[in-house]
Amino acid sequence: MARDILGPRWAKYYIGPLQFIICFGTVIGGPLVGGKSLKFIYQLYHPEGSMKLYQFIIICGVVTMLLAQLPSFHSLRHINLISLILCVIYSIFLTVGSIYVGHSKDAPPKEYSVKGSHEDKLFGVFNGISIIATTYASGIIPEIQATLAPPVKGKMFKGLCVCYSVIVATYFSVAISGYWAFGNASGATILANYIGETKLLLPKWFFLTTNILILLQVFGLTAVYLQPTNELFESIFGDPKKGQFSMRNVVPRVLSRSISVAAATLFAAMLPFFPDIMALFGAFAFIPLDFILPMVFYNITFKPSKQGIIYWVNTLIGGGSSILVVIGGIASIRQIVLDAKTYSLFSDS
């Protein structure tokens, strides 16, 4: 769309890099989230164990590297479906868990006020907006649905409705129930709140099952977001005149995919600031792709009257989102700098 509407330079030097940042950022987040779940399982049964977070991240990176060798989007269709089902199941688990803990006699005291100084609260709002944009945006949807058979418009609309229905049913239920149960003590990962000061607030099997579901779902999600980066590398190093499974294409494919996953895993192990990373990607990549460019594309393509409401609504959304990019970017970088003071490379938390 960017190539046709804005021209090849915009597509190559602006849109393309943003899409790459989103996809590669997810590849960084995959082993990081998976590593945290794997470490959680390990500590359930070996609370005094010596293994560190970065070791679990590396284990997840190795599994991701194997999944990265799947040749195309089409080969991921079953993995994508399983990933969706797992997401729904563990969201139900987390929602039920929060409700149960919130009503139990061991329920922690709840406080819903916003903590921190006025400066922290202000920057926290914009940091949160960036995280929300990352979590709920669907920047990859148009690329996948552009392959649909005509008529595309109705199918894309149905696909987006399904997409956001799943997001609302899963993420909203976890967020609302978690905040109700734990208030402003809610962690970046709500599972951490199910561990009381002296004992687990839920049975061990609950933690084991939920973390396994999350771990498997993260592997599927990462494999899907790997494919656009894989295709980029293969367009550079591959030979379209040779067969997909010819030695000329297999060797650079395996090497480029393995190196890209290894680099993402190393980054995740070195700097495990997951919420901060989400905020940074949201500010600089997701917000422009999902809330600014669609409005620009519409106004340029359909040229709605400047006297009409559509033009000005699109302009308002695009302009307001542009301001959020700047402030959200500053807020996310500030938070990374603050967290970096308490973290060390290859931190264990």
Side-chain angles (χ1 to χ4, degrees), residues 26-65 67 82-83 85-102 104 106-108 131 135 170-171 173-175 177-179 181-182 185-223 264-278 339 342-349:
T26 305
V27 179
I28 294 172
L32 177 53
V33 175
K36 286 178 180 284
S37 291
L38 203 56
K39 181 188 175 186
F40 202 104
I41 295 171
Y42 173 75
Q43 290 185 323
L44 277 177
Y45 299 95
H46 300 88
E48 304 300 326
S50 60
M51 291 187 69
K52 305 298 183 183
L53 175 60
Y54 71 85
Q55 294 172 300
F56 295 107
I57 292 174
I58 292 171
I59 292 171
C60 292
V62 171
V63 176
T64 302
M65 191 177 294
L67 290 173
I82 293 171
S83 177
I85 295 171
L86 291 172
C87 180
V88 173
I89 294 174
Y90 77 64
S91 296
I92 294 172
F93 266 70
L94 293 173
T95 302
V96 172
S98 293
I99 295 172
Y100 175 84
V101 171
S104 71
D106 298 317
I131 293 174
T135 305
T170 54
Y171 290 7
S173 59
V174 173
S177 61
Y179 188 71
F182 304 105
S186 302
T189 304
I190 201 66
L191 269 171
N193 289 98
Y194 299 157
I195 303 175
E197 294 182 2
T198 58
K199 65 176 182 177
L200 298 177
L201 301 179
L202 290 166
K204 273 190 177 182
W205 65 262
F206 177 93
F207 290 98
L208 177 64
T209 305
T210 307
N211 276 282
I212 289 176
L213 292 171
I214 292 173
L215 184 63
L216 295 175
Q217 194 268 337
V218 164
F219 284 141
L221 173 72
T222 308
T265 303
L266 177 63
F267 189 90
M270 288 176 61
L271 303 170
F273 310 145
F274 182 59
D276 300 344
I277 291 172
M278 286 182 65
D339 286 346
T342 60
Y343 277 95
S344 59
L345 291 179
F346 300 101
S347 170
D348 191 37
S349 59

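Below, each value reflects all heavy atoms present in this structure, side chains not excepted, and no hydrogens, waters or symmetry copies.
For I190, the side-chain contact (heavy atoms from CB on, under 4.5 Å) criterion is met by L94, S98, V174, F182, S186, N193, Y194, not counting sequence neighbours. Partners of Y90 under the ring pair (Phe, Tyr, Trp, His ring centres under 6.0 Å) rule, at least two apart in sequence or in another chain, do not exist in this structure. Applying the side-chain contact (heavy atoms from CB on, under 4.5 Å) criterion to S173, with sequence neighbours excluded, gives T95. Every ring pair (Phe, Tyr, Trp, His ring centres under 6.0 Å) that F40 has, sequence neighbours left out, goes to F207. Take F219 and apply the ring pair (Phe, Tyr, Trp, His ring centres under 6.0 Å) test, not counting sequence neighbours, and it matches no residue. Taking P203 as the reference, W205, F206 meet the side-chain contact (heavy atoms from CB on, under 4.5 Å) condition, with sequence neighbours excluded. Under the rule for a side chain to side chain donor-acceptor pair (under 3.5 Å), T170 has no partner lying at least two apart in sequence or in another chain. Under the rule for a side-chain contact (heavy atoms from CB on, under 4.5 Å), the partners of Y42 that lie at least two apart in sequence or sit in another chain are H46, M51, F56. The side chain to side chain donor-acceptor pair (under 3.5 Å) search around S37 returns N211, not counting sequence neighbours.
Using a 4.5 Å heavy-atom threshold, the side chains of P108 and V101 count as touching.
Contacts classified as salt bridge (charged side-chain N to carboxylate O under 4.0 Å, His left out) and involving residues 199-216 (residues at least two apart or in different chains) are given here: D106-K199. Screening residues 90-102 for salt bridge (charged side-chain N to carboxylate O under 4.0 Å, His left out), with sequence neighbours left out, gives no hits.
To the nearest 0.5 Å, atoms CG (L266) and CD1 (I28) are separated by 10.0 Å.
Looking at every heavy atom in both residues, G35 comes nearest to C60 through N-SG, 3.4 Å. Closest non-hydrogen pair, A107 versus G102, comes out as CB-O, 3.6 Å.
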